Amino acid sequence: MKKRTMAAGGRSVGLLIVAIVVAAVSGSVISYFVAGVFPHGPVRDFFFKAVQFGVRELVLNLGFATVSFGISFYITTFTVLLVILAVYLWYRF
């Protein structure tokens, strides 16, 4: 049986997803640590304040078990910049 891979122009889509996740996590970590160095003000808020969005938590109580579903994203400027860089590098190479 032939193994099927998802690819776009010879590049792996799986690699793109991994690169986006790694870039997003790295951007969040960089924002968290670098934010402590900057003084409070509008510049700090612009670069390091996270915008939260996502789906509210849904709790399903089955009587014998409780299952929770939900996801939230915390996006900072560094996260966006690193994700754009990752997509660019994936597209370029």
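Please read all numbers here as calculations on a predicted model, not as lab measurements. These values consider heavy atoms only, across backbone and side chains, with no hydrogens, waters or symmetry-generated copies. Throughout, residue positions are numbered sequentially from 1 according to the sequence presented.
Residues Y32 and V29 fall within the same hydrophobic cluster, defined by Ile, Leu, Val, Met, Phe, Trp and Tyr side chains chained together at heavy-atom separations under 4.5 Å. In the hydrophobic clustering of ILVMFWY residues, with side-chain heavy atoms under 4.5 Å counting as a link, F47 and V34 come out together. By the rule that hydrophobic residues join a cluster once side-chain heavy atoms approach within less than 4.5 Å of another member, Y88 and L81 end up as members of separate clusters.
Here I20 contributes atom CD1 and L85 contributes atom CG; the two are 11.5 Å apart, rounded to the nearest 0.5 Å. We find the CZ-CD distance between F69 and E57 to be 10.5 Å, quoted to the nearest 0.5 Å.
Contact check for V59 versus V67: no side-chain heavy atoms found under the 4.5 Å cut-off. You'll find the side chain of L82 reaches within 4.5 Å of the side chain of I30, heavy atoms only. Side-chain contact between L16 and V87: present, with at least one pair of heavy atoms (C-beta onward) separated by less than 4.5 Å.
Side-chain atoms of T79 do not come within 3.5 Å of backbone N or O of I75 as any donor-acceptor pair. Put simply, the side chain of W90 gets close to the backbone of S12: a donor and an acceptor are under 3.5 Å apart.
With sequence neighbours excluded, no residue forms a ring-ring contact (aromatic ring centres under 6.0 Å, His included) with F93. Here F78 pairs with F48 under the ring-ring contact (aromatic ring centres under 6.0 Å, His included) rule; sequence neighbours left out.
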Are T77 and F46 close enough, and set up right, to give a side chain to side chain contact (heavy atoms under 4.5 Å, CB included), and what steps lead you there?
CA-CA 7 Å; T77 303; F46 175 75; 4.2 Å; yes
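In this structure, A23 and A86 approach most closely via the heavy-atom pair CB-CB, 3.8 Å. The two residues R44 and F38 have their closest heavy-atom pair at NH1-O, 3.5 Å.
No option in T76, V83, I84 other than I84 meets the side-chain contact (heavy atoms from CB on, under 4.5 Å) test with V80.
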